[in-house]
Amino acid sequence: MRIAVLNGPNLNRLGLREPKIYGSRTLADLEALIKAEGDRLGAHVECFQSNHEGALVDKLHFLADAGCDGVILNAGAYTHTSIALRDAIAATGLKVVEVHVSNVHAREEFRHHSHLAAVCAGVICGLGFESYLAALRYLVKPA
Ligand code: DHK
């Protein structure tokens with residue numbers, strides 16, 4: 001089973017950006033945690049981060065062509081703005097779980113809407129890095 005973890009804009013700044021919201025651990029810490037959980041579950045986990053919308057669209061196309069089994073996607077602010085990413089998820093038919101570190105519903109109004117949620121299998125937010133681990137466990141063994 002092959003699972004991809006895609007992180008969007010500013011998530012390369014985890015550990016540095018707004019630690020009260022995003023915590024003090026880094027993207028490297030997050031990726032190591034998910035890969036370790038993947039090993040435990042017998043899944044191969046590939047991680048990718050980009051600050052660019054088109055690069056995330058290209059990556060989704062690539063993953064679909066490569067036969068990826070599931071995607072954990074934190075599109076960062078593109079969650080709230082990107083019809084291109086929504087169309088890419090719909091166009092590829094990839095099984096995607098939208099995740100967020102923070103509880104977007106407890107934050108500014110503009111974070112309450114997701115353009116992606118309707119074309120994702122589900123949404124997990126507010127659990128810190130555990131949001132990603134819960135998504136991984138679901139994708140490896142759907143409830
Ligand atoms: C990360 C971001 O960069 C924000 O733009 C989202 C999300 C929330 C997170 O909590 O992981 O609004």
Side-chain angles (χ1 to χ4, degrees), residues 1-41 43-64 66 68-143:
M1 173 153 276
R2 295 168 56 196
I3 305 294
V5 181
L6 269 55
N7 278 296
N10 300 306
L11 289 155
N12 56 316
R13 304 290 292 174
L14 280 174
L16 297 172
R17 74 182 291 211
E18 302 176 89
K20 285 201 173 105
I21 296 172
Y22 296 103
S24 54
R25 289 180 293 173
T26 67
L27 180 61
D29 294 335
L30 172 63
E31 291 180 349
L33 197 65
I34 302 170
K35 283 184 176 178
E37 185 67 2
D39 287 347
R40 198 182 70 77
L41 296 169
H44 174 78
V45 176
E46 172 192 342
C47 297
F48 176 81
Q49 188 277 330
S50 177
N51 294 317
H52 304 279
E53 187 177 22
L56 294 164
V57 170
D58 285 345
K59 188 68 181 182
L60 287 168
H61 294 176
F62 173 84
L63 289 169
C68 179
D69 296 298
V71 178
I72 300 166
L73 173 63
N74 185 348
Y78 289 140
T79 305
H80 318 297
T81 64
S82 179
I83 295 168
L85 273 175
R86 177 199 178 105
D87 285 353
I89 295 166
T92 56
L94 281 163
K95 190 172 195 180
V96 177
V97 178
E98 175 185 325
V99 300
H100 302 286
V101 175
S102 66
N103 179 356
V104 287
H105 300 290
R107 299 181 64 194
E108 302 94 327
E109 186 80 30
F110 63 82
R111 296 185 202 278
H112 297 183
H113 178 72
S114 166
H115 281 299
L116 314 182
V119 290
C120 289
V123 180
I124 304 171
C125 76
L127 306 183
F129 286 6
E130 183 62 31
S131 295
Y132 293 76
L133 298 177
L136 177 60
R137 288 180 206 117
Y138 165 75
L139 287 169
V140 171
K141 198 176 172 200

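Whatever order the structure lists them in is the order used to number ligands and atoms, beginning at 1. In this chain, residues are counted from 1 in sequence order.
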* Asked: Any N/O of Ala77 closer than 3.5 Å to an N/O of ligand 1?
  -> yes
* To do: May I ask you to check whether Tyr22 and Asn10 show a side-chain donor-acceptor distance below 3.5 Å?
  => no
* Could you tell me which atoms of ligand 1, counted from 1 in the order shown, lie closer than 4.0 angstrom to a heavy atom of Tyr22? => 1 (C), 2 (C), 3 (O), 4 (C), 8 (C), 9 (C), 10 (O), 11 (O)
* Out of curiosity, is Tyr78 lining ligand 1, as in a heavy atom under 4.0 Å away? -> no
* Nearest-0.5 Å distance that lies between atom NE2 in His61 and atom CG in Leu63 -> 10.5 Å
* Would you please say whether a donor-acceptor pair under 3.5 Å links the side chains of Asn51 and Gln49? => yes
* What's the shortest distance from atom 10 (O) of ligand 1 to any protein heavy atom, and which residue and atom give it? -> Ser102 OG, 2.6 Å
* Asked: Between the candidates His80, Arg13, Arg17, His112, which shows the shortest non-hydrogen contact distance to atom 3 (O) of ligand 1?
  -> Arg17
* Asked: Does a donor on one side chain sit under 3.5 Å from an acceptor on the other, for Glu98 and Ser114?
  -> yes
* To do: Carefully, step by step, assess Lys59 and Glu46 under the rule salt bridge (charged side-chain N to carboxylate O under 4.0 Å, His left out).
  => CA-CA 11 Å; Lys59 188 68 181 182; Glu46 172 192 342; 2.6 Å; yes
* Asked: Taking side chain as C-beta onward, heavy atoms only, is Tyr138 less than 4.5 Å from Val97?
  -> yes
* ligand 1 versus Asn74: contacting region, heavy-atom distance under 4.0 Å -> side chain
* **Closest approach of any protein heavy atom to atom 8 (C) of ligand 1, naming residue and atom** => Val104 CG1, 3.7 Å
* Structure fact -> atom 7 (C) of ligand 1 has as its nearest protein heavy atom His100 ND1, 3.6 Å
* Asked: Got the closest protein heavy atom to atom 9 (C) of ligand 1, with its distance?
  -> Val101 N, 3.4 Å
* To do: Select one of side chain, backbone, both or neither to describe which atoms of Asn10 lie under 4.0 Å from any atom of ligand 1, heavy atoms only.
  => neither
* Are the side chain of His44 and the backbone of Gly38 linked by a donor-acceptor contact shorter than 3.5 Å? -> no
* Structure fact -> The answer for which part of Arg111 has a heavy atom under 4.0 Å from ligand 1 is side chain
* Structure fact -> d(Leu73 CG, Leu85 CG) to nearest 0.5 Å is 6.5 Å
